[in-house]
Amino acid sequence: MDSLNKGSFIFSNQTSEQDFELMTRALDASISGVIITDNQQPDNPIIYCNAAFERITGYKRKEIIGHNCRFLQKEDRSQKEREILRNAVADGKSCVVEMRNYQKNGTLFWNELYMSPIKDAEGNVCYFIGVQNDVTRRKNIEQELKQHQDQMERKIEERTKSLRESEDYLASIVATVRESLVVLNPGFNVLSVNDHFIKTFKVSREETENKLLYELGNGQWDIPALKELLENILPTNNPVEEFEVEHDFPHIGKKLMLLNAHRIELEGQFKDRILIAIEDITDRREIERRKDDFLSIASHELKTPLTTIKGYVQVMNRLLPENASEKFKTVLQKTGIYITRLNNLISELLDVSRIQTGNIELHKEPFDFDKMVAEAVENIQSVTKTHTIILKGSTGITYVGDESHIVQVINNLLSNAIKYSPEEHQINVYLSRVSDFVKVSVTDTGMGISHEDQNKIFDRFFRVGEIQQRFPGMGIGLYICSEIIKNHGGTIWVESEKGQGSNFSFTLPLN
Ligand code: ADP
């Protein structure tokens with residue numbers, strides 16, 4: 001009874017005093033703050049508040065009764081919810097808002113406020129009941145969630161942007177690449193091709209994409225050997241490397257294409273796709289052919305006059321007078337040495353061009369393998385003053401092969417070992433039989449070869465960069481060696497550490 005002035009309230013005439021007391025108690029027991037404003041009085045003062053309202057706001061009843069509710073907003077008056085409340089009061093309607101309110105000590109709390117009008121018999125709004133709940137905790141959680149969400153969205157936006165950038169970046173690489181690129185699905189249908197493909201083959205995207213690879217053009221890729229390799233890519237992960245296709249292509253005529261194909265190593269939507277890179281090597285191959293032709297013609301042309309000069313020097317040697325001066329004899333002898341050197345160089349060049357054109361001839365005869373090696377070593381030793389060659393081991397084998405070619409390999413390995421170990425004095429040659437192979441190793445303790453260069457030294461015309469100036473040579477000796485060994489069904493390899501010498505070995509099968 002003490003918290004509600006029943007005389008001024010609508011319950012006064014209709015409710016018994018006991019019921020009224022009960023209701024007041026019930027309101028005081030509620031955890032929601034409840035207020036009643038009198039809208040018939042100026043500025044709608046609060047005429048009732050329950051205990052929960054005092055607890056939520058921190059104000060005492062005597063500081064509440066008679067005030068307009070706005071004191072709860074302190075200076076924070078620009079909230080749009082106030083407008084909603086004002087309109088609801090003016091229209092006599094109920095409303096729910098969530099707004100920032102402040103306790104007596106200034107602490108902010110979020111107030112979920114439900115306002116409902118109470119009307120008299122004529123329908124005039126007399127009172128408003130306001131039910132309030134402190135929803136600060138929920139609001140904070142909501143705000144935290146929102147912050148997280150905003151953060152996530154920002155992150156997603158950044159990721160999407162960087163993905164888009166890397167996609168553009170990749171697309172620009174694919175567009176710039178000077179190779180034709182084709183992406184296939186596991187059924188060998190073309191999913192996409194790059195601009196270079198379209199330009200090279202003078203075709204449209206429509207006649208290429210979504211078509212079976214083997215049905216493109218006039219069936220240029222429908223080659224059983226290629227098909228087999230491509231079909232193996234996905235199950236075995238083995239790429240197709242350097243596959244040459246020579247074909248009379250529609251629109252562009254006879255061309256030589258080099259094809260490489262790999263499985264695209266991606267999961268998800270790009271899983272199990274095959275990327276084919278196609279390079280037009282027609283012109284390059286033609287230039288190589290012309291270079292080989294030139295090499296072959298030039299070495300033949302050089303060889304003829306050289307043979308004549310060699311003949312003349314032999315004649316001069318024969319006609320050398322008894323009393324010829326020492327100087328004359330030395331000059332003649334040196335001329336002979338240089339002619340032999342020049343002759344060897346030209347022979348090497350001729351060998352290369354013979355290898356290139358597939359015209360190398362093997363004259364296989366049985367010969368004593370150990371004797372052949374010993375003689376080769378002896379020959380090189382007889383003209384080498386700087387190094388000692390130590391031969392160890394034996395095979396006891398009569399080998400059937402082209403003796404002069406194998407001697408050429410040993411000569412080459414020995415002269416390289418001497419040439420590339422100028423500060424050292426010993427070369428070791430090991431000879432052995434390993435299972436059904438003969439094995440020869442030539443070891444020096446010279447400058448060695450980096451791991452990177454070891455893969456290239458058997459290539460035609462390759463020389464390790466830094467030695468170009470210091471040591472004469474054309475970079476074809478090891479190439480010839482590897483071809484000779486290959487022609488005998490054997491293998492040749494090198495083990496070396498830069499600065500610590502090299503060990504060249506080859507094995508030949510005994511058949
Ligand atoms: P060339 O000796 O005429 O350059 P080769 O084909 O015989 O040609 O050798 C190719 C290259 O391999 C050489 O230029 C040299 O860089 C390297 N090489 C060959 N043998 C040796 C060796 N024993 N030690 C270090 N480097 C070597």
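As the structure lists them, so they are numbered: ligands from 1, and atoms in each ligand from 1. Worth knowing before you read on, the calculation uses all heavy atoms, side chains too, and leaves out hydrogens, waters and symmetry mates.
- Within the structure, side chain to side chain donor-acceptor pair (under 3.5 Å) pairs that include any residue of residues 366-387 comprise D370-T395, H387-S421 (at least two apart or interchain).
- The one candidate from D402, L413, I480, N344 that meets the side-chain contact (heavy atoms from CB on, under 4.5 Å) condition with Q408 is I480.
- Between Y399 and H488, the ring planes lie tilted relative to each other; the angle falls in the 30° to 60° range.
- Among residues at least two apart or in separate chains, there is no side chain to side chain donor-acceptor pair (under 3.5 Å) pair with a member in residues 153-169.
- For the residue pair W110 / E112, no side-chain donor-acceptor distance below 3.5 Å is found, with atom types taken as modelled.
- Scored by the ring-ring contact (aromatic ring centres under 6.0 Å, His included) test, Y420 finds F471 as partners (sequence neighbours excluded).
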Write out each pair where an N or O from ligand 1 and one from the protein are under 3.5 Å apart, with the distance.
{"from": "ligand 1", "atom 1": "2 (O)", "to": "N416", "atom 2": "OD1", "distance (Å)": "3.3"}
{"from": "ligand 1", "atom 1": "2 (O)", "to": "K419", "atom 2": "NZ", "distance (Å)": "3.1"}
{"from": "ligand 1", "atom 1": "2 (O)", "to": "Y420", "atom 2": "OH", "distance (Å)": "2.7"}
{"from": "ligand 1", "atom 1": "3 (O)", "to": "M474", "atom 2": "N", "distance (Å)": "3.1"}
{"from": "ligand 1", "atom 1": "3 (O)", "to": "G475", "atom 2": "N", "distance (Å)": "3.1"}
{"from": "ligand 1", "atom 1": "4 (O)", "to": "Y420", "atom 2": "OH", "distance (Å)": "3.2"}
{"from": "ligand 1", "atom 1": "4 (O)", "to": "R463", "atom 2": "NE", "distance (Å)": "2.5"}
{"from": "ligand 1", "atom 1": "4 (O)", "to": "R463", "atom 2": "NH2", "distance (Å)": "3.2"}
{"from": "ligand 1", "atom 1": "4 (O)", "to": "G475", "atom 2": "N", "distance (Å)": "3.4"}
{"from": "ligand 1", "atom 1": "6 (O)", "to": "G477", "atom 2": "N", "distance (Å)": "3.2"}
{"from": "ligand 1", "atom 1": "6 (O)", "to": "L478", "atom 2": "N", "distance (Å)": "2.8"}
{"from": "ligand 1", "atom 1": "7 (O)", "to": "N416", "atom 2": "OD1", "distance (Å)": "3.4"}
{"from": "ligand 1", "atom 1": "7 (O)", "to": "N416", "atom 2": "ND2", "distance (Å)": "2.8"}
{"from": "ligand 1", "atom 1": "7 (O)", "to": "L478", "atom 2": "N", "distance (Å)": "3.4"}
{"from": "ligand 1", "atom 1": "8 (O)", "to": "G475", "atom 2": "N", "distance (Å)": "3.4"}
{"from": "ligand 1", "atom 1": "14 (O)", "to": "Y420", "atom 2": "OH", "distance (Å)": "3.3"}
{"from": "ligand 1", "atom 1": "14 (O)", "to": "R463", "atom 2": "NE", "distance (Å)": "3.4"}
{"from": "ligand 1", "atom 1": "16 (O)", "to": "V464", "atom 2": "N", "distance (Å)": "3.2"}
{"from": "ligand 1", "atom 1": "23 (N)", "to": "D444", "atom 2": "OD2", "distance (Å)": "2.9"}
{"from": "ligand 1", "atom 1": "24 (N)", "to": "S502", "atom 2": "OG", "distance (Å)": "3.4"}

